[in-house]
There are 2 protein chains.
Amino acid sequence: MLALRVKNKRLAVRDVQRPDADSEALVRVVLSGICNTDLEIARGYAGFNGTIGHEFVGVVEQSSNNKLLNQRVVGEINVGCGKCPLCLSEDPRHCPSRTVLGIVGRDGAHAEFLLLPLENLVAVPEKVIDEHAVFTEPLAAACGIVERTNIKADDRVAVIGDGKLGLMCAQVLALTSPVLLVGKHQTKLRIAQRRGIETTTPKDVASRGREFDVVVEASGSPSGFAMALDLLRPKGRLVLKSTFHDTTEIDAARIVVDEISIIGSRCGRFAPALDLLKKGAIDVDSMISEEYALADGVHAMKRAKAKGILKILLRP
Amino acid sequence: MLALRVKNKRLAVRDVQRPDADSEALVRVVLSGICNTDLEIARGYAGFNGTIGHEFVGVVEQSSNNKLLNQRVVGEINVGCGKCPLCLSEDPRHCPSRTVLGIVGRDGAHAEFLLLPLENLVAVPEKVIDEHAVFTEPLAAACGIVERTNIKADDRVAVIGDGKLGLMCAQVLALTSPVLLVGKHQTKLRIAQRRGIETTTPKDVASRGREFDVVVEASGSPSGFAMALDLLRPKGRLVLKSTFHDTTEIDAARIVVDEISIIGSRCGRFAPALDLLKKGAIDVDSMISEEYALADGVHAMKRAKAKGILKILLRP
């Protein structure tokens, strides 16, 4: 089967052996999505070698029981040891010996087939089309913010970054609270505007210092971090969503004096995300920029870095 | 009256006019304590000019009503505008137009007399001696941690830094949870050991990565911040207590991937601190290194920077 693989920072579509279902479920991938994390992994982040990709929708082709057989599924990407306290509390996302689909010790989704434990798979509601279902994982990450901190209806929220993650965070949080999305790209901001979300530019937001109860950093740039601190009121909360590559300089005195909280947020649960997709509550459609055949995966990865591009999909 | 004043980073004891009570209470200072913040202010931090010092115990000599007249008091250091939502919710600590005793726009406690609004003053219980009461403000700051985050009996807590603040944080948290104090100074660590607190050195703690639910950074050094992150389990909480001077480099990806929370904590309420002092629950006595007359304030400030020194007291 074809798979988009990285080895020692070199990216290539290779013909590899189809995996054997064994104790896990074999999923035929229908569509996969390129995430910024894929781009970072291709540059050497996390030292991963193997098939990349962790956003997908597929069909279960082999499984030890019939529960999801031949059904459309999406899959939670963390696979825990099943024995540690975290796994036993049904949250393997922080299991210290976990593997992560296409990120840590486990071949990923930019391939014709992938393996995941049956319990990681979630059936896709019939009315959610493949092109939307493939957003379940990143949308779950956006929904994960509210797992980490309680956001109230009267909290003033700013989201920094108009990339895929920022657009999804803004849309999710706008369902409960007034949101301001800060970004540099008019075409991207327009997606949020069409959902009634107020938008502005980094330059124009400078006058709104200390106005926000919650700021979500989803730009992935060190300047976004500093801006987030500037926008927060005392005792405000800064939600860190994007994994910065390098170390970031922070003004620790500001955090102490104004008693700011910084809250790291990574993966979220799939059920709330699928529910939002089913309701049509989030516009993911406008975020699809281009689609390529898996065989053109290397080119697709280049396109994913281009200016103005949001989501690139791969079809095996 | 005498007052230890800073002007354009120059420190001197000066003879200045005794303040007029007016709408506030006039307090005759009995003892004041030198805090590391005083040392930073003398170096130019916060751009403050005036009488420094914010830790004191004194006696109310003039007041608009008789409530605390001639009584021993300590005083909350933040004075809010009284009109903003924060002040109206009885928490002026983050009022945007607040003054802060000896730190922002208000003469401080290293003086024969000081002014504070009557509502900032709290009577000192009879059995708490002056030399202990003068620790109320910094002890309240240590108690402030539990205002900012809920610490449970089975939370494994590490405190980094064996200075005054670290020793108080360790003792306060050890009242509810198992605490490990990390420091470099055997004489200082011994104060915690005598209260049954486990201690170790930065070198020896390196093997205990990801073991702690809560880590309190009270060393004020950038290396302490990095160590704190290393010691935290996934989803752990880092409480930032010390105001770093400069910007600090942080590994933001670690915060996101492991979903760490960073919680800034500054001032605390006085009532819990006075209660602990009354019960003798905290050993502040061992933290008194030297006492000087206010007239020798400049020399006392030099001594406060010396190696092995903990609290220096000034007596007007």
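Each chain gets a letter, A, B and so on, in the order the sequences are listed, and its residues count up from 1.
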*residues 135-154 of chain A: residues contacting chain B (heavy atom under 4.5 Å, by number)*: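 Hits under 4.5 Å: A:Arg148.
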
*Residue by residue, scan residues 94-103 of chain A and write down, ordered by number, those that have a heavy-atom distance under 4.5 Å to chain B; if none do, write 'none'.*
A:His94, A:Arg98

*asked:* Using the rule given for salt bridge (charged side-chain N to carboxylate O under 4.0 Å, His left out), can you reason through B:Lys235 versus A:Asp91, listing the C-alpha separation, both sets of side-chain angles and the distance that settles it, and then say yes or no?
replied: CA-CA 12 Å; B:Lys235 288 199 171 179; A:Asp91 190 358; 3.6 Å; yes

*To the nearest 0.5 angstrom, please state how far the CD1 atom of A:Ile263 sits from the CD1 atom of B:Ile255.*
11.5 Å

*Looking at A:Ser261, A:Gly264, A:Ser265, which makes the most heavy-atom pairs under 4.5 Å with chain B?*
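Counting heavy-atom pairs under 4.5 Å, the top option is A:Gly264.
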
_Most contacts with chain A, counted as non-hydrogen pairs under 4.5 angstrom, among B:Ile260, B:Val257, B:Asp258_ = B:Val257

_Residues forming a salt bridge (Lys or Arg N to Asp or Glu O under 4.0 Å) with A:Lys241, sequence neighbours excluded_ =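 A:Lys241 satisfies salt bridge (Lys or Arg N to Asp or Glu O under 4.0 Å) with no other residue.
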
*Qualifying salt bridge (Lys or Arg N to Asp or Glu O under 4.0 Å) pairs, either residue in residues 47-56 of chain B, two or more places apart*: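 Listed once each, the pairs are B:Glu55-B:Lys311.
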
